[in-house]
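Presented below is the structure to which this report refers.
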Amino acid sequence: MQTPDLATFESQLKEKFHNKIESVVQLYDIVCAVVALDSIKDVIKYLHDEQGYTFLTTMNGMHFPHAVEKFGMVYHLHNLPQNLRVRLKTFSASEHPVFPSIMDIFPGANWMEREAYDFFGFHFTGHKNLKRILNMDSMEGWPMRKEYPIEDQARFDKDDKMFGR
């Protein structure tokens, strides 16, 4: 796979969306743009309709508990005819993050948005059936958030020096 020319891609996005594009960088083998939350759907629609990025490879939630913008979404888009791919990121500082649904652009985003809801508690405006898909409905909390200790605090049968701690 290839990635678009960094300078060209950045100038196209900044010409259309101005200060809503926070950064565009080349990370290893992919161009990555950080987009303001209020413009992420417009950027995705532009890339889909005008740039040929018609395949949503994946979208994932992120949690950075000690950052100002604690929660984020990552979108990987692919232009199949030209074999180009890009990564878009957007962030939310809210304790109850809400992102726009992109199901009207990519119907396959349905399951990916439900997964982000199920594991991170993210809400998506415009999503008609946002419910858990892998965890039990009775489960409280969001298992992929980094809000819990890594180790089971109730276990006393482990000696930390056995694990190099």
Side-chain angles (χ1 to χ4, degrees), residues 1-135 142-146:
M1 286 184 227
Q2 300 173 0
T3 191
D5 177 66
L6 176 64
T8 305
F9 187 74
E10 181 176 17
S11 67
Q12 288 172 339
L13 285 182
K14 287 192 174 182
E15 181 180 314
K16 182 107 173 130
F17 298 101
H18 310 289
N19 62 343
K20 298 297 183 175
I21 306 301
E22 297 172 13
S23 68
V24 180
V25 296
Q26 177 99 24
L27 295 174
Y28 303 103
D29 62 340
I30 192 166
V31 169
C32 180
V34 178
V35 180
L37 179 58
D38 62 351
S39 296
I40 189 67
K41 186 169 183 171
D42 296 331
V43 171
I44 290 172
K45 183 147 181 62
Y46 164 75
L47 290 173
H48 178 273
D49 295 348
E50 298 182 35
Q51 297 293 321
Y53 290 89
T54 56
F55 183 69
L56 175 66
T57 307
T58 187
M59 59 187 282
N60 307 82
M62 300 181 295
H63 182 207
F64 302 103
H66 303 296
V68 173
E69 295 180 312
K70 290 183 173 193
F71 300 103
M73 284 298 298
V74 178
Y75 305 83
H76 288 95
L77 305 178
H78 196 143
N79 177 328
L80 293 169
Q82 296 180 26
N83 197 25
L84 300 174
R85 62 191 179 123
V86 295
R87 176 186 301 141
L88 304 175
K89 295 180 182 180
T90 191
F91 295 92
S92 172
S94 171
E95 286 295 322
H96 306 285
V98 177
F99 298 92
S101 175
I102 60 169
M103 280 179 46
D104 55 330
I105 304 168
F106 295 105
N110 175 26
W111 288 94
M112 296 179 217
E113 289 175 3
R114 287 173 66 184
E115 179 184 45
Y117 168 75
D118 195 6
F119 286 104
F120 291 95
F122 294 177
H123 288 271
F124 293 88
T125 55
H127 196 289
K128 304 287 189 230
N129 192 20
L130 200 58
K131 63 180 184 177
R132 292 194 182 270
I133 57 173
L134 295 171
N135 292 306
W142 314 105
M144 293 299 287
R145 287 193 182 185
K146 299 173 184 166

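Predicted model only: the values in this text are computed from it and were never measured. The first residue in the sequence is number 1, and the count goes up from there.
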Less than 4.5 Å apart, side chain to side chain, heavy atoms only: is that true for [X] and [Y]?
{"X": "H123", "Y": "H96", "result": "no"}
{"X": "I40", "Y": "Y75", "result": "yes"}
{"X": "F124", "Y": "I102", "result": "no"}
{"X": "K89", "Y": "E22", "result": "no"}
{"X": "V43", "Y": "K20", "result": "no"}
{"X": "Y46", "Y": "Q51", "result": "yes"}

Heavy-atom pair of closest approach, residues [X] and [Y]:
{"X": "A93", "Y": "V68", "value": "CB-O, 3.5 Å"}
{"X": "E113", "Y": "M59", "value": "CG-CE, 3.5 Å"}
{"X": "F9", "Y": "L47", "value": "CE1-CD2, 3.7 Å"}
{"X": "Q26", "Y": "L6", "value": "N-CD1, 4.0 Å"}
{"X": "A33", "Y": "L13", "value": "CB-CD1, 4.1 Å"}
{"X": "M62", "Y": "M73", "value": "CE-N, 4.1 Å"}

* Structure fact -> The ring-ring contact (aromatic ring centres under 6.0 Å, His included) partners of H76 (sequence neighbours excluded) come to none
* Asked: Quick one: ring-ring contact (aromatic ring centres under 6.0 Å, His included) partners of F99, sequence neighbours excluded?
  -> F122
* Is the distance between the ring centroids of F120 and H63 under 6.0 Å? -> no
* Asked: Between D42 and K16, is the closest basic N to carboxylate O distance under 4.0 Å?
  -> no
* CD of E50: more than 12 outside heavy atoms within 6.0 angstrom? -> yes
* Above 12 or not: heavy atoms from other molecules or residues under 6.0 Å from CE of M103? -> yes
Distance (rounded to the nearest 0.5 Å) between [X] [atom1] and [Y] [atom2]:
{"X": "R132", "Y": "F119", "atom1": "CZ", "atom2": "CZ", "value": "8.5 Å"}
{"X": "I21", "Y": "Q12", "atom1": "CD1", "atom2": "CD", "value": "11.5 Å"}
{"X": "N129", "Y": "N110", "atom1": "CG", "atom2": "CG", "value": "7.0 Å"}
{"X": "K45", "Y": "F106", "atom1": "NZ", "atom2": "CZ", "value": "9.5 Å"}
{"X": "L88", "Y": "I44", "atom1": "CG", "atom2": "CD1", "value": "5.5 Å"}
{"X": "Q2", "Y": "R85", "atom1": "CD", "atom2": "CZ", "value": "10.5 Å"}

* Main-chain N/O of I133 paired with D118 side-chain donor or acceptor, under 3.5 Å -> yes
* side chain to side chain contact (heavy atoms under 4.5 Å, CB included) between H78 and V86: does it pass, once the steps are laid out? -> CA-CA 7 Å; H78 196 143; V86 295; over 6 Å; no
* Go through T57 and L77 one step at a time and tell me if the side chain to side chain contact (heavy atoms under 4.5 Å, CB included) criterion holds. => CA-CA 6 Å; T57 307; L77 305 178; over 6 Å; no
* Begin from the C-alpha positions of D104 and K41 and carry the test salt bridge (charged side-chain N to carboxylate O under 4.0 Å, His left out) through to its verdict. => CA-CA 10 Å; D104 55 330; K41 186 169 183 171; 3.0 Å; yes
